[in-house]
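Only one structure is covered here, and it is reproduced in the block below.
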Amino acid sequence: MTTIARGTDTLTRDALTVLQPGFTGTTAPDWLLRRLGEGLASVGLFGRNIVSPEQLSALTAQLRTERPDVLVAIDEEGGDVTRLEARTGSSFPGNHALGAVDDVELTHAVARELGRRLAACGVRLNWAPSADVNSNPDNPVIGVRSFGADTALVARHTAAYVTGLQSAGVAACTKHFPGHGDTAVDSHHALPRIDVTGDVLQARELAPFRAALAAGTRAVMSAHILVPALDPDRPATLSRPVLTDLLRGELGYQGLIVTDGMEMRAVSGTYGIEHGSVLAVAAGADAICVGGGLADDETVLRLRDALVAAVRSGELPEERLADAARRVRELAAWTADGTTGDTAPDPEAGLRAARRALTVTGAESFTPLTEAPYVAAFTPVANIAVGDETPWGVAAELSRLLPGTLTGSFTGDSAGTDALAAVGERRLVAVVRDEHRHPWMARALTTLLTARPDTVVVEMGVPQSPPRGRLHLATHGAARVCGRAAAEVIAGA
């Protein structure tokens, strides 16, 4: 129940300004338009809000009718994490594919084309790129969202992505500071902990963020991770030593600091979103991201009132809230000036990158398929960042090249035998995703290859396991465009 902030005084407006909420539906609800009039300066969009580029353009125009400088943000990494193409799969490979190619000009081109499409729809802040060094191959939430496990590679591609995106007039938000790569826990579900020395952090985790800052990233997103070498008590999002002393002080960053989603269990399950939001702003965060799960007016009012109450009680200095609101408005002004830079369309950038990212093993003895195969997809549970609504695999693209292709999805201990029972006499294409992380998947693949050694294997996650199968294709990501590149090789297109 809201009882504190009812007017449009400066304190109330500042509290609204630092929030980046989401909403449901494909048009802006009345409550959101009302809050924009009262001081809300940012809105976050998700797959549930987007049907088509035309609809998205109409939605952002509706928001700007209420507030011309509204900061419209989205979580559009390309690859596995897509909101623009959540229903079809992305036209762009993700970071891991770009890192596998290791051509910074290509990364720049892909990010620029992605930014051009966002800007054309009125979206001018992208919660990307991920600058995390995927040093832990068992990481359940980063994986192919990272450019790779090599620090120098991640740093140079992070910088290229930032400059490419921002050349299209879309602000980059480099994440997840100070680095989410060396974790074995998904912060959507619990609080991860990185137990490494300060020297390791400086040399590994922080190097890509330094590159992003040097490239001029307009925003940085904090991680909900505990890093005892920096702060033994609070996760980075709530830590003054991390956000103010390290990011602002030591690294000299003066742009916008955005939190990761506050409803994620690493914060909401330990501090609660209201107290967590107060602690985040006090620590140095400028914008509170909320709305992936909680997407209603009541959430906005709860957080607004928590911030106002914290200022009035002395827990949150009023000047800190005012400074955070100022940084939000400054970025909103930058995105509202209409500048889009050099944004000539490059519609094939994503496909070029996906084709170049393929690692092919066994091509010398492989004859492309000419008859429709059976595609067995071994499907792990998707992490929340990726979502389970976005299709993946190669079946759709193989169906286009080889009409009549059949497919099935299998999981669990019986996946291999179930797939063999379904395939009949067709050639078999087995599609896996992070085989090294899922023992049941590795066993299923062994079952298939024992019975059908001519099976084609497509690995669409991080290719850590040894290549197996008559033909093995590592796509370095599960975007639709990665599936197309693999299907072209399988069908000899």
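Sequence positions, counted from 1, serve as the residue numbers for this chain. Just so it is clear, the structure is predicted and the values come from calculations on it, not from any experiment.
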Quick check: does any side chain N or O of [X] sit under 3.5 Å from a backbone N or O of [Y], one acting as donor and the other as acceptor?
{"X": "Thr60", "Y": "Cys121", "value": "yes"}
{"X": "Glu263", "Y": "Gly291", "value": "yes"}
{"X": "Arg48", "Y": "Gly292", "value": "yes"}
{"X": "Arg13", "Y": "Glu38", "value": "yes"}
{"X": "Thr407", "Y": "Val375", "value": "yes"}
{"X": "Asp80", "Y": "Ala478", "value": "yes"}
{"X": "Gln166", "Y": "Ala172", "value": "yes"}
{"X": "Thr335", "Y": "Leu71", "value": "no"}
{"X": "Asn134", "Y": "Ser146", "value": "no"}
{"X": "Thr299", "Y": "Ala295", "value": "no"}

Does [X] reach the side chain of [Y], with side-chain heavy atoms less than 4.5 Å apart?
{"X": "Ile288", "Y": "Val258", "answer": "no"}
{"X": "Phe147", "Y": "Ser130", "answer": "no"}
{"X": "Val308", "Y": "Arg312", "answer": "yes"}
{"X": "Leu40", "Y": "Leu32", "answer": "yes"}
{"X": "Cys289", "Y": "Met262", "answer": "no"}
{"X": "Leu114", "Y": "Asn126", "answer": "yes"}
{"X": "Val162", "Y": "Pro129", "answer": "yes"}
{"X": "Thr151", "Y": "Val154", "answer": "no"}

Inset, instruction - Could you walk me through whether Leu307 and Leu316 pass side-chain contact (heavy atoms from CB on, under 4.5 Å), step by step? - result: CA-CA 8 Å; Leu307 292 167; Leu316 175 63; 4.0 Å; yes
Exercise: do [X] and [Y] side chains pair donor with acceptor under 3.5 Å:
{"X": "Gln202", "Y": "Glu250", "result": "yes"}
{"X": "Thr217", "Y": "Thr174", "result": "yes"}
{"X": "Ser465", "Y": "His436", "result": "no"}
{"X": "Ser91", "Y": "Glu85", "result": "yes"}

Legend entry - Derivation and outcome, side-chain contact (heavy atoms from CB on, under 4.5 Å), residues Asp434 and Met460: CA-CA 7 Å; Asp434 289 342; Met460 303 196 81; over 6 Å; no
Run the salt-bridge test on [X] and [Y] with the 4.0 Å N-O cut-off and return the result as yes or no.
{"X": "Asp260", "Y": "Lys175", "result": "no"}
{"X": "Arg234", "Y": "Asp231", "result": "no"}
{"X": "Arg302", "Y": "Glu298", "result": "no"}

Inset, instruction - Apply the test side-chain contact (heavy atoms from CB on, under 4.5 Å) to residues Glu77 and Phe92: give CA-CA distance (whole Å), side-chain angles for both, the deciding distance (0.1 Å), then the verdict. - result: CA-CA 9 Å; Glu77 299 177 14; Phe92 301 91; over 6 Å; no
Over all heavy atoms of both residues, which pair between [X] and [Y] is shortest? Give the atoms and the distance, please.
{"X": "Ala119", "Y": "Ala168", "result": "CB-O, 3.7 Å"}
{"X": "Gly115", "Y": "Val170", "result": "O-CG2, 3.4 Å"}
{"X": "Pro235", "Y": "Tyr271", "result": "CD-OH, 3.7 Å"}
{"X": "Thr259", "Y": "Ala280", "result": "CG2-CB, 4.0 Å"}
{"X": "Val300", "Y": "Arg35", "result": "CG1-CG, 4.5 Å"}
{"X": "Leu98", "Y": "Ala353", "result": "CD2-CB, 3.9 Å"}

Legend entry - Geometric class of the Phe378/Phe410 ring pair [parallel <30°, tilted 30-60°, perpendicular >60°]: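 Tilted, since the angle between the ring planes falls between 30° and 60°.
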Could you tell me the separation between the [atom1] atom of [X] and the [atom2] atom of [Y], rounded to the nearest 0.5 Å?
{"X": "Phe177", "Y": "Ile257", "atom1": "CZ", "atom2": "CD1", "answer": "8.0 Å"}
{"X": "Thr379", "Y": "His438", "atom1": "OG1", "atom2": "NE2", "answer": "10.5 Å"}
{"X": "Ser277", "Y": "Leu238", "atom1": "OG", "atom2": "CG", "answer": "9.0 Å"}
{"X": "Leu84", "Y": "Ser90", "atom1": "CG", "atom2": "OG", "answer": "8.0 Å"}
{"X": "His275", "Y": "Ser268", "atom1": "NE2", "atom2": "OG", "answer": "13.5 Å"}
{"X": "Arg218", "Y": "Leu125", "atom1": "CZ", "atom2": "CG", "answer": "11.5 Å"}

Legend entry - Quiz item: cation-pi between Arg480 and Trp392, 6.0 Å / 45°: no
Inset, instruction - In sequence, state the C-alpha distance, the side-chain angles, and the governing distance for Thr82 and Glu76, and then conclude on side-chain hydrogen bond (donor to acceptor under 3.5 Å, both in side chains). - result: CA-CA 5 Å; Thr82 180; Glu76 181 59 50; 3.0 Å; yes
Inset, instruction - For the pair Val328 and Ser42, evaluate side-chain contact (heavy atoms from CB on, under 4.5 Å) and give the outcome as yes or no after the intermediate values. - result: CA-CA 8 Å; Val328 173; Ser42 306; 3.7 Å; yes
Inset, instruction - Apply the test salt bridge (Lys or Arg N to Asp or Glu O under 4.0 Å) to residues Asp297 and Arg304: give CA-CA distance (whole Å), side-chain angles for both, the deciding distance (0.1 Å), then the verdict. - result: CA-CA 10 Å; Asp297 193 28; Arg304 178 199 68 181; over 6 Å; no
Legend entry - Over 12 non-hydrogen atoms of neighbours within 6.0 angstrom of CG in Asp195: yes
Inset, instruction - For Arg248, look at atom CZ and say whether over 12 heavy atoms of other residues, nucleotides or ligands are found less than 6.0 Å away. - result: yes
Inset, instruction - Pick out which of Arg329, Arg320, Arg327 makes a salt bridge (Lys or Arg N to Asp or Glu O under 4.0 Å) with Asp14. - result: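 Of Arg329, Arg320, Arg327, salt bridge (Lys or Arg N to Asp or Glu O under 4.0 Å) with Asp14 is met by Arg329 alone.
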Inset, instruction - Using the salt bridge (Lys or Arg N to Asp or Glu O under 4.0 Å) rule, take Arg145 and Asp132 through it: C-alpha gap first, then chi angles, then the decisive distance, then the call. - result: CA-CA 8 Å; Arg145 300 168 66 196; Asp132 305 301; over 6 Å; no
